Amino acid sequence: MSSLLIREVPTEERPRERLIRYGAKNLSTEDLIAIILKTGTRDYSSRFLASEILKMVKDVSELKTLSLSRLISINGVGAVKAIEFLAALELGRRVYDGRVLDNDLKCNSAEKIFKHFRSELSGSKQEFFYCLYLNQQKKLIDKKLLFKGTLNRSLIHPREIFKEAYLSSAAYIICLHNHPSGNVIPSEEDINITNNLIKIGRLQGIPVIDHIIIGDSNYYSFYENDLMGR
């Protein structure tokens, strides 16, 4: 059925019509993706393109690991369709993640931060370095993804971290990144980076008050382990 163009499929069996008749919960994953893609191409239906996307993963939970470049590699899925699909995935994650960061984020809420970012970073094959920017009451102002890839001092540029702090008028900073291996014990490089940022934060008058390492099922907080005072 997926190889047929949508116009060749009986009206009542088309994804949108099936959603209207049966509700979104009763549609296949393939049909839901086809609706997000909206249209196919001259040669491929949206349902066929949806089936090609599903061939890239073992199960639906792995859809969140697909990158823009991988989606675009599918013949018929251009940049616009790929971007809209990734946006839909992220929106769904936010809707169903009941542990969204709120205005009460404080330096002793490492567990809360972990619960939020665990769903966002689970299954990631590379490291992501975020900074959370807080006001004088230690309430969340903004979060920024600043660096990707294996972390080292040559990649972590303090000027970027503190530039964003000045732009958001932040009073405090919390850093966090993930370990794809799942092992949250800080490496020597993690410790050196943290100590360097603590020193710069003191000089800049914008203290770095925690650095949290995220794993698949646990986390490590420099603050909770009394490592922010060196």
Side-chain angles (χ1 to χ4, degrees), residues 1-4 6 9 13-16 18-19 22-41 43-101 111-130 143-151 155 176-185 212-220:
M1 184 72 73
S2 294
S3 60
L4 295 176
I6 287 296
V9 177
E13 290 301 315
R14 296 175 185 176
R16 294 181 185 179
R18 285 177 55 79
L19 187 147
Y22 303 112
K25 290 184 178 180
N26 294 305
L27 265 65
S28 68
T29 302
E30 183 178 293
D31 279 343
L32 292 173
I33 295 176
I35 291 173
I36 294 172
L37 296 177
K38 297 180 183 177
T39 60
T41 66
D43 300 316
Y44 304 114
S45 70
S46 57
R47 188 182 282 180
F48 175 80
L49 295 178
S51 70
E52 291 298 292
I53 290 175
L54 287 173
K55 288 178 183 177
M56 290 185 145
V57 298
K58 293 180 181 179
D59 57 64
V60 67
S61 67
E62 290 189 0
L63 287 173
K64 64 179 179 291
T65 67
L66 293 179
S67 65
L68 183 64
S69 60
R70 287 196 69 195
L71 288 168
I72 293 176
S73 71
I74 299 174
N75 188 17
V77 178
V80 173
K81 291 184 185 298
I83 289 168
E84 290 176 343
F85 180 70
L86 292 177
L89 286 179
E90 175 60 19
L91 178 60
R93 185 195 66 78
R94 296 185 186 186
V95 168
Y96 286 98
D97 188 345
R99 298 179 291 267
V100 176
L101 297 177
E111 182 178 4
K112 182 179 183 181
I113 296 170
F114 160 68
K115 288 179 177 179
H116 174 79
F117 279 91
R118 175 176 57 181
S119 63
E120 187 165 331
L121 296 172
S122 177
S124 173
K125 305 302 182 185
Q126 62 179 326
E127 294 187 25
F128 293 85
F129 187 95
Y130 285 86
K143 74 172 183 179
K144 294 288 184 180
L145 172 59
L146 296 179
F147 309 106
K148 295 181 183 180
T150 302
L151 302 185
L155 294 178
L176 65 144
H177 76 279
N178 64 306
H179 278 181
S181 67
N183 180 2
V184 297
I185 301 301
I212 302 166
I213 300 173
I214 305 289
D216 291 334
S217 58
N218 56 352
Y219 70 92
Y220 185 96

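Predicted model only: the values in this text are computed from it and were never measured. Quick note: residue numbers are just sequence positions, from 1.
Considering only residues two or more places apart in sequence or on other chains, Ser181 meets the side chain to side chain contact (heavy atoms under 4.5 Å, CB included) condition with His179, Asn183. Among residues two or more places apart in sequence or in another chain, the salt bridge (charged side-chain N to carboxylate O under 4.0 Å, His left out) test is passed with Lys25 by none. Under the ring pair (Phe, Tyr, Trp, His ring centres under 6.0 Å) criterion, Phe85 pairs with no residue at all, not counting sequence neighbours. Partners of Asn26 by side chain to side chain donor-acceptor pair (under 3.5 Å), not counting sequence neighbours: none found. Judged as a salt bridge (charged side-chain N to carboxylate O under 4.0 Å, His left out), and not counting sequence neighbours, the contacts of Glu90 are Arg93, Arg94. Tyr220 is linked by a side chain to side chain donor-acceptor pair (under 3.5 Å) to nothing, counting only residues two or more places apart in sequence or in another chain.
In this structure, the separation between OG1 on Thr65 and CE on Met56 is 10.0 Å, given to the nearest 0.5 Å. To the nearest 0.5 Å, the span separating OG on Ser46 from CZ on Arg14 amounts to 10.5 Å. Between the NZ atom of Lys64 and the CG atom of Leu89 there is a distance of 10.0 Å, given to the nearest 0.5 Å. Interatomic distance, CG of Asn178 versus CD of Gln126, reported as 8.5 Å (0.5 Å rounding). One finds the CZ atom of Arg118 at 14.0 Å from the CD1 atom of Ile113 (value rounded to the nearest 0.5 Å). Atoms CG and CZ, on Leu146 and Phe128 in that order, are 13.0 Å from each other to the nearest 0.5 Å.
A heavy-atom distance below 4.5 Å is not found between the side chains of Glu52 and Glu30. Contact annotation: the side chain of Ile213 approaches that of His177 to within less than 4.5 Å [non-hydrogen atoms, C-beta and beyond]. The shortest side-chain heavy-atom distance between Leu63 and Ile53 falls under the 4.5 Å cut-off. Side-chain contact between Leu19 and Asp31: absent, with no pair of heavy atoms (C-beta onward) separated by less than 4.5 Å.
Between Ala34 and Ala50, the closest heavy-atom pair is N-CB, 3.8 Å. The minimum heavy-atom distance between Leu32 and Ala24, with the atom names listed, is CD2-O, 3.9 Å. Residues Lys38 and Arg16 share a closest heavy-atom pair of O-NH2, 3.4 Å.
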Please output the side-chain donor-acceptor pairs of residues 69-83 that fall under 3.5 Å, not counting sequence neighbours, one pair per line with the distance.
{"residue": "Ser69", "atom": "OG", "partner": "Ser67", "partner atom": "OG", "Å": "3.1"}
{"residue": "Ser73", "atom": "OG", "partner": "Arg70", "partner atom": "O", "Å": "2.4"}
{"residue": "Lys81", "atom": "NZ", "partner": "Leu37", "partner atom": "O", "Å": "2.9"}
{"residue": "Lys81", "atom": "NZ", "partner": "Thr39", "partner atom": "O", "Å": "2.5"}
{"residue": "Lys81", "atom": "NZ", "partner": "Thr39", "partner atom": "OG1", "Å": "3.1"}

